[in-house]
Amino acid sequence: MRLDQKLIAEMIKPGARVLDIGSGDGALIDHLFRHQGCDARGIELNMKLVTFSVAHGLPVMHGDADHDLAYYSDHAFDYVVLQRTLQAVERPREVLRQMLRIGRYAIVSFPNFGHWQLRLKLLLNGRMPMTTVWYKPWYETPNIHPCTIRDFLALCQQDGYIVEKWMAIDEEGERAPWRRSIRLANLFGEQALFLLRR
Amino acid sequence: MVFGGSGYLINSITPFTIDKHRHAHFPEGITLDCDMHLAPVDVAYCTYGQLSEQRDNAILLCHAFTGDQYVAETHPLTGKPGWWERMVGSGKPIDTDKFFVICSNVLGGCMGSTGPMSVREESVKKELWGTDFPPITIRDMVRAQYKLVRYLGIDKLFAVVGGSMGGMQVLEWTVTYPEMMLAAMPIATAPFHSAQNIAFNEVGRQAIIADPDWRNGRYWCEGVVPARGLSVARMMAHITYLSEKALTRKFGRRVRQGSSADKSAGNFTGPLSLFGDIFEVESYLRYQGSSFVRRFDANSYLSITRAMDWFDLAADYDGELTAAFSGTSVRFCVISFSSDWLFPTSTARTLVRALNQATANVSFVEIETDRGHDAFLLDEPDFDRTVQGFLRGVAEHVGLY
């Protein structure tokens, strides 16, 4: 399990009902079931990973954030998790709305486009920045809706979501030290992790 | 008749005789959806593995339309391997070292369970039911299975598993007896029979009825079988179980030479003649048709296809599929196959979304294959892993092993 998944797991109360959107190989839901007694389920787009997960006994279904969330009933889960995917969905705002409709809490992580390296590269080269996080050229990237930490906070404010917790994390998922200042976090955090509620 | 010229007389085939199958006898019978009371009822079945002391390791397998209870043993009539021998057995994905596996012949079938070929006990003449056999539904089949499960001393099944029409039964189980199982695995199936599928069934039925040997459904009085009609029905249905890609890969446009009997009879058998050389795919279908009529009863075909056509889980819930599953605690694993156009993934997704809305615990996998609907009977490693993994996951969840 990645380090940021550990941070996510720490946000989730034992025994909770959890929906993990983009559950990948199922590491997080497996951990939540085994160690926290959660009823944790996954949605995953990549069919190989879906088959892999189900073959390992995990409740995972094929589907995606844009098209399948609308079919869940209100308050069906305590937590709805979206890991490193928000920037790749068709309608991020709608996905957030759906997450907080079907779950009491939403846990969202995304790569921060406000990181200093990206800013500097665009400023100096005048070309779309590429880093270890943003490593695909603009014409191939699935990340069609990149945002910065401040952008995301602005959207939460606009749509009336309460930020329970937030943190900047580095690429390995280690918690970054920029907790006091959002501006510094937005400059130095490679990834961001939010716990939201309605 | 189209078969005449190729020296291929389907009506010359004699059906196998029906042996005694292992069965449970229920003199009290069951009340059917049509309000008729059917008694007595026999349910023929096979079992594999051992029922645990806690009686908590039973898996009910529901067979597909033309399948039967001989899942994992040589079929007593055809001598062929069981239809799911690669899935069910010691160390196999449905592991009989761990699970007690039950499969029964469906109500309306012709492999020992009560159906059109059964003797009508209440009649004076002790005739067979034939076309007087009451109209049955998928739920009626499930009612008969329920009786069997209880008869075997099982209060709660570990899982109900089945493909195609077997999948319909699985879904019906989860709605009619939701407390009776921990897990359900509907495979290559749908929560209702589509207009297209009803249409295919109707062509099959009409082919049987149009056969003069059907004799208004009383062929059994006269020692004949409507073999041509039944085999045409099978041939047509068999196409729907495959895919264009699978047919192309298997047969392409390869041609098989016409038989020498035709040539000696002076028939013109050049490549462009009507009854001369035939395509491999034609020969294959004819074989499928002719072997089918030896093991399947025509009136059963009519009864069961009708039951499938009437299947619509949402019908009793004002068309709301979600309501059918409301509050379910069953763990679902829905599986579809990418090239299945009879029970396509899109319909499976409709089912999954209804389950999501009901907040059911559902896994959903589409297996990538070009082999069409029948893929669930064939060697598909991803499918095997999914079946095995899901069952293991549920078992782990409830602390079974």
Side-chain angles (χ1 to χ4, degrees), chain A residues 15-21 23-27 29-80 98-99 101-104, chain B residues 93 182-185 187 320-323 325-338 345-346 348-369 380-401:
Chain A
R17 295 166 301 161
V18 184
L19 180 65
D20 184 9
I21 307 160
S23 52
D25 63 1
I29 56 172
D30 190 42
H31 174 89
L32 290 173
F33 164 63
R34 276 174 207 288
H35 303 290
Q36 294 179 215
C38 292
D39 175 359
R41 310 170 188 180
I43 299 183
E44 172 56 46
L45 186 57
N46 180 330
M47 192 55 82
K48 278 211 166 69
L49 292 173
V50 176
T51 311
F52 176 87
S53 300
V54 178
H56 283 79
L58 299 170
V60 172
M61 58 165 270
H62 182 247
D64 70 81
D66 281 307
H67 301 105
D68 289 293
L69 299 188
Y71 296 94
Y72 287 87
S73 56
D74 296 355
H75 320 299
F77 295 93
D78 298 312
Y79 300 87
V80 179
Q98 290 287 354
M99 288 174 74
R101 177 184 66 80
I102 62 183
R104 273 170 62 211
Chain B
L182 289 169
M185 204 185 290
I187 301 159
E320 283 294 323
L321 189 53
T322 300
F325 298 115
S326 149
T328 186
S329 61
V330 176
R331 279 185 66 151
F332 286 83
C333 181
V334 179
I335 303 176
S336 69
F337 296 89
S338 57
T345 295
S346 55
R349 204 175 285 282
T350 305
L351 168 66
V352 168
R353 285 174 171 167
L355 287 165
N356 282 337
Q357 206 157 23
T359 325
N361 186 321
V362 51
S363 301
F364 169 43
V365 177
E366 181 196 53
I367 304 294
E368 186 68 38
T369 174
E380 292 285 348
D382 273 349
F383 175 48
D384 294 359
R385 276 193 285 274
T386 303
V387 171
Q388 184 166 34
F390 173 73
L391 293 176
R392 193 177 46 217
V394 177
E396 205 180 332
H397 216 94
V398 298
L400 189 62
Y401 63 81

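Heavy-atom proximity under 4.5 angstrom to chain B picks out Val50(A), Thr51(A), Val54(A), Ala55(A), His56(A) from residues 49-56 of chain A. Residues of residues 39-48 of chain A placed with any heavy atom under 4.5 Å of a heavy atom in chain B are listed by number as Asp39(A), Arg41(A), Met47(A). For residues 327-337 of chain B, a heavy-atom distance under 4.5 Å to chain A picks out Arg331(B), Cys333(B), given by residue number.
Heavy-atom distances place both the backbone and the side chain of Glu366(B) under 4.5 Å from chain A. Of the two parts of His67(A), the backbone and the side chain both hold a non-hydrogen atom closer than 4.5 Å to a non-hydrogen atom of chain B. For a residue to count as touching a neighbouring chain, one of its non-hydrogen atoms must lie under 4.5 Å from one of that chain's; by this rule Ala360(B) touches chain A with the backbone only. The contact between Arg385(B) and chain A is made by backbone and side chain atoms together, counting heavy-atom distances below 4.5 Å.
Within the 4.5 Å cutoff, no side-chain heavy atoms of Gln357(B) are placed close to those of Phe325(B). Residues Ile29(A) and Val18(A) fail the side-chain proximity criterion, which asks for heavy atoms closer than 4.5 Å. Residues Phe383(B) and Thr369(B) are not in side-chain contact: their nearest non-hydrogen atoms beyond the backbone lie 4.5 Å or more apart. Proximity of Asn356(B) to Met61(A): side-chain heavy atoms (C-beta onward) are separated by under 4.5 Å at one or more points. Within the 4.5 Å cutoff, the side chain of Val365(B) has no heavy atoms near those of the His62(A) side chain.
Note that NE2 of His75(A) is 10.5 Å distant from CZ of Arg104(A), once rounded to the nearest 0.5 Å. In this structure, CG on Asp68(A) lies 10.0 Å from CG on Leu19(A), to the nearest 0.5 angstrom. A distance of 4.5 Å separates CE of Met99(A) from CD1 of Ile21(A), quoted to the nearest 0.5 Å. Between Leu400(B) atom CG and Leu182(B) atom CG the span is 8.5 Å, to the nearest 0.5 Å. We find the OG1-CG distance between Thr345(B) and Leu351(B) to be 12.0 Å, quoted to the nearest 0.5 Å.
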Run Met185(B) and Leu391(B) through side chain to side chain contact (heavy atoms under 4.5 Å, CB included) and show every step you take.
CA-CA 9 Å; Met185(B) 204 185 290; Leu391(B) 293 176; 4.1 Å; yes
Steps toward side-chain hydrogen bond (donor to acceptor under 3.5 Å, both in side chains) verdict (Gln98(A), Arg101(A)):
CA-CA 5 Å; Gln98(A) 290 287 354; Arg101(A) 177 184 66 80; 2.8 Å; yes
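Chain A forms the most heavy-atom pairs under 4.5 Å with one residue out of Leu355(B), Asp382(B), Asn361(B), Thr359(B), and that residue is Asn361(B).
Glu380(B) is linked by a salt bridge (Lys or Arg N to Asp or Glu O under 4.0 Å) to Arg371(B), counting only residues two or more places apart in sequence or in another chain.
The main-chain N or O of Thr322(B) is never found under 3.5 Å from a side-chain atom of Ser326(B) such that the two would form a donor-acceptor pair.
Listed here is the closest heavy atom pair of Gly63(A) and Arg349(B): CA-NH1, 4.2 Å.
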